[in-house]
Enquirer: 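Sharing a structure, written as structure tokens. Questions coming.
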Amino acid sequence: MAGRFAPRPTRTTVRGGDVSVPGGVPRQAAGPGRVRDWVPDGPLDLGLVLGPLRRGPGDPTFRAMPDGSVWRACRTPAGPGTLRVCAYGGGVRGQAWGPGAEWLLEQLPELLGAADDPSAFVPRHRLVAQARHRRPGLRLTRTGLVLESLIPSILEQKVTTDEAYRAWRLLVRKFGEPAPGPAPERMCVMPAPRTWALIPSWEWHRAGVDNKRASTILRAVRVAGRLEEAVRMEPGAARARLEVVPGIGPWTSAETVQRSLGAADEVTVGDLHLPRIVGWALAGDRDADDSVMLELLEPYAGQRHRAARLILLSGRVPGRRMPKMPRWDIGQL
């Protein structure tokens, strides 16, 4: 029976960007749309590449379907658009709708890791080597969009992931717009910067977003154009541009450039769990902090983010020693 069934994703592997994308024959989506076929130059796993873009199982902007396709609803520089991606044979087919369709198809190769170079990564630990062997289709995505990664990252500051995912889901569904084309039911494009700026204070409260995080998002959308320019910068300069906005620190900027720029070396610091997971996986140290984590990842300089993702995907985590962080819904106050 060994090898007949895929391992069930754990909370850690899901956090590492593991989205289950069932196999099968891709069906043609209904309705006319622009189409682009692309052939990657190596193994490609859609679930692993696009998984970090999903903000929880109920994300209105992301959907993995039983037929093996992945749907994304985006707000591009050309306007809202919907993208359906499916793998077949040795290639990938992208189909897009809406004003942003042409932009989405133009960016399709980079979205699927064409700008990434997995061959530059050299494992230095047995666990990392095993994780890489089991996940040959891992590539780092580059969306070319800053706000769509920045805003949910701000929502994830200092709260549980469940609280952050709920806030993102409620706000996008209430203030976003329906995804163009024959998208799956209830898929939405995230609100435009001006719409974010006009959300009343009580709606932030109902979504469970405190004033500090809401204020950071409001400051960010006021300079949305300047922040989107970061996609044309080097990762270090892009992070510096983001961190000019009060409320955006190293954790948030790293989470953003990892997705928007496909930055292979931008490791997340200031995280509650990641240092302990890396410390336990590489050195058996369950009390590691950021300095210890960075020291352990030093052999992977230039590829530290990829190394951290492989460690997360390995599923090796220290046992829990304390209760889960309690969930607080300020919308009930």
Side-chain angles (χ1 to χ4, degrees), residues 2-3 6-19 43 45 47-49 51-52 113 116-141 153 156-162 164 235-236 239 243 249-259 261-326:
R8 184 175 181 179
T10 65
R11 180 176 293 273
T12 305
T13 59
V14 168
R15 187 185 174 198
D18 185 10
V19 171
D45 186 320
L48 289 179
V49 177
D116 183 35
D117 182 14
S119 64
F121 182 76
V122 179
R124 306 290 184 181
H125 299 81
R126 183 177 180 181
L127 178 137
V128 177
Q130 290 174 342
R132 185 192 186 195
H133 178 73
R134 290 196 299 266
R135 312 280 185 159
L138 173 64
R139 290 174 177 243
L140 302 182
T141 184
S153 295
E156 292 172 10
Q157 292 175 350
K158 299 185 183 301
V159 296
T160 64
T161 53
D162 288 344
R239 291 186 62 178
E243 291 175 22
W251 185 92
T252 307
S253 66
E255 290 285 312
T256 302
V257 300
Q258 287 167 6
R259 296 166 172 84
L261 277 73
D265 193 47
E266 296 301 321
V267 63
T268 303
V269 297
D271 192 87
L272 180 62
H273 303 291
L274 185 60
R276 292 199 289 266
I277 293 173
V278 172
W280 177 254
L282 300 186
D285 182 1
R286 63 184 303 155
D287 298 314
D289 57 13
D290 282 333
S291 62
V292 174
M293 176 183 70
L294 294 176
E295 183 179 348
L296 290 171
L297 292 177
E298 183 58 32
Y300 299 103
Q303 295 283 320
R304 292 178 301 173
H305 171 49
R306 191 191 310 276
R309 277 205 65 192
L310 287 170
I311 291 169
L312 289 171
L313 290 168
S314 74
R316 180 174 170 81
V317 296
R320 189 180 295 276
R321 292 192 300 188
M322 60 185 69
K324 285 186 177 182
M325 183 177 176

Enquirer: Is there side-chain contact between E255 and T268, with heavy atoms separated by less than 4.5 Å?
Expert: yes

Enquirer: Distance only, no hydrogens: is a donor on one side chain within 3.5 Å (strictly under) of an acceptor on the other, for S119 and D117?
Expert: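 Judged by distance alone, the side chains do pair up.
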
Enquirer: Side-chain contact test, heavy atoms from C-beta onward, threshold under 4.5 Å: evaluate it for R309 versus L140 and give yes or no.
Expert: yes

Enquirer: Tell me if a side-chain donor or acceptor on R316 pairs with a main-chain N or O of V278 at a distance below 3.5 Å.
Expert: no

Enquirer: Using a 6.0 Å cut-off, check whether atom CD of E295 has over 12 heavy atoms from anything other than its own residue.
Expert: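 For E295, atom CD is not crowded (no more than 12 foreign heavy atoms under 6.0 Å).
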
Enquirer: Q258 side chain to E266 main-chain N or O, any donor-acceptor pair under 3.5 Å?
Expert: yes

Enquirer: Walk me through whether V317 and W280 qualify under side-chain contact (heavy atoms from CB on, under 4.5 Å).
Expert: CA-CA 7 Å; V317 296; W280 177 254; 5.5 Å; no

Enquirer: Side chains of T252 and Q157 only: does a donor on one sit below 3.5 Å from an acceptor on the other?
Expert: yes

Enquirer: Could you note down all residue pairs passing side chain to side chain donor-acceptor pair (under 3.5 Å) where residues 124-133 supplies at least one of them, sequence neighbours left out?
Expert: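 Qualifying pairs: H125-Y300.
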
Enquirer: Give me the atom names and distance for the closest heavy-atom approach of A288 to G279.
Expert: CB-CA, 3.8 Å

Enquirer: Considering all heavy atoms of both residues, which atom of R239 and which atom of S253 are nearest to each other, and what is their separation?
Expert: NE-OG, 2.9 Å

Enquirer: May I ask you to say whether R306 pairs ionically with D116, meaning some side-chain N is under 4.0 Å from a carboxylate O?
Expert: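 Yes, R306 and D116 are salt-bridged.
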
Enquirer: Please report the closest heavy-atom contact between V257 and P235, naming both atoms and the distance.
Expert: CG1-O, 4.5 Å

Enquirer: Show the numbers, then the answer: is there a side-chain hydrogen bond (donor to acceptor under 3.5 Å, both in side chains) between D162 and T160?
Expert: CA-CA 5 Å; D162 288 344; T160 64; 5.4 Å; no

Enquirer: Going by heavy atoms in the side chains, are L313 and R134 under 4.5 Å from each other?
Expert: no

Enquirer: Where is the tightest heavy-atom contact between V267 and A254, given as atom of each residue plus distance?
Expert: O-CB, 3.9 Å

Enquirer: Begin with the C-alpha distance, continue with both residues' side-chain angles, and end with the deciding distance and a verdict on side-chain contact (heavy atoms from CB on, under 4.5 Å) for V269 and M293.
Expert: CA-CA 9 Å; V269 297; M293 176 183 70; 4.2 Å; yes

Enquirer: Say you draw a straight line from CG of L310 to CD of Q303; how long is it, rounded to the nearest 0.5 Å?
Expert: 9.5 Å

Enquirer: Do you know the tightest heavy-atom contact between E243 and P250?
Expert: OE2-CA, 3.5 Å

Enquirer: Can a donor-acceptor pair be found, under 3.5 Å and without considering hydrogens, that links the side chain of D45 to the backbone of G137?
Expert: no

Enquirer: Could you tell me which non-hydrogen atom of P43 sits nearest to which non-hydrogen atom of P136, and how far apart they are?
Expert: CB-O, 3.6 Å

Enquirer: Any chance you could measure I311, atom CD1, to L274, atom CG, to the nearest 0.5 Å?
Expert: 8.0 Å

Enquirer: What verdict does the side-chain contact (heavy atoms from CB on, under 4.5 Å) test give for L282 and V128, after you've listed the backbone C-alpha separation in whole Å, the side-chain angles of each residue and the deciding distance to 0.1 Å?
Expert: CA-CA 9 Å; L282 300 186; V128 177; 4.0 Å; yes

Enquirer: Restricting to side-chain contact (heavy atoms from CB on, under 4.5 Å), what partner residues turn up for A301, sequence neighbours left out?
Expert: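 A301: side-chain contact (heavy atoms from CB on, under 4.5 Å) contacts with E298.
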
Enquirer: Evaluate the side-chain contact (heavy atoms from CB on, under 4.5 Å) criterion for residues D287 and V292: first the C-alpha distance (whole Å), next the side-chain angles of each, then the deciding distance (0.1 Å), finally the verdict.
Expert: CA-CA 9 Å; D287 298 314; V292 174; over 6 Å; no

Enquirer: Within this structure, what is the CD-CG distance for the pair E156 and D271, rounded to the nearest 0.5 Å?
Expert: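 The CG atom of D271 is 10.0 Å from CD of E156, to the nearest 0.5 Å.
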
Enquirer: Quick check against the 3.5 Å criterion: does R276 have a side-chain atom that pairs as donor or acceptor with the backbone of P318?
Expert: no

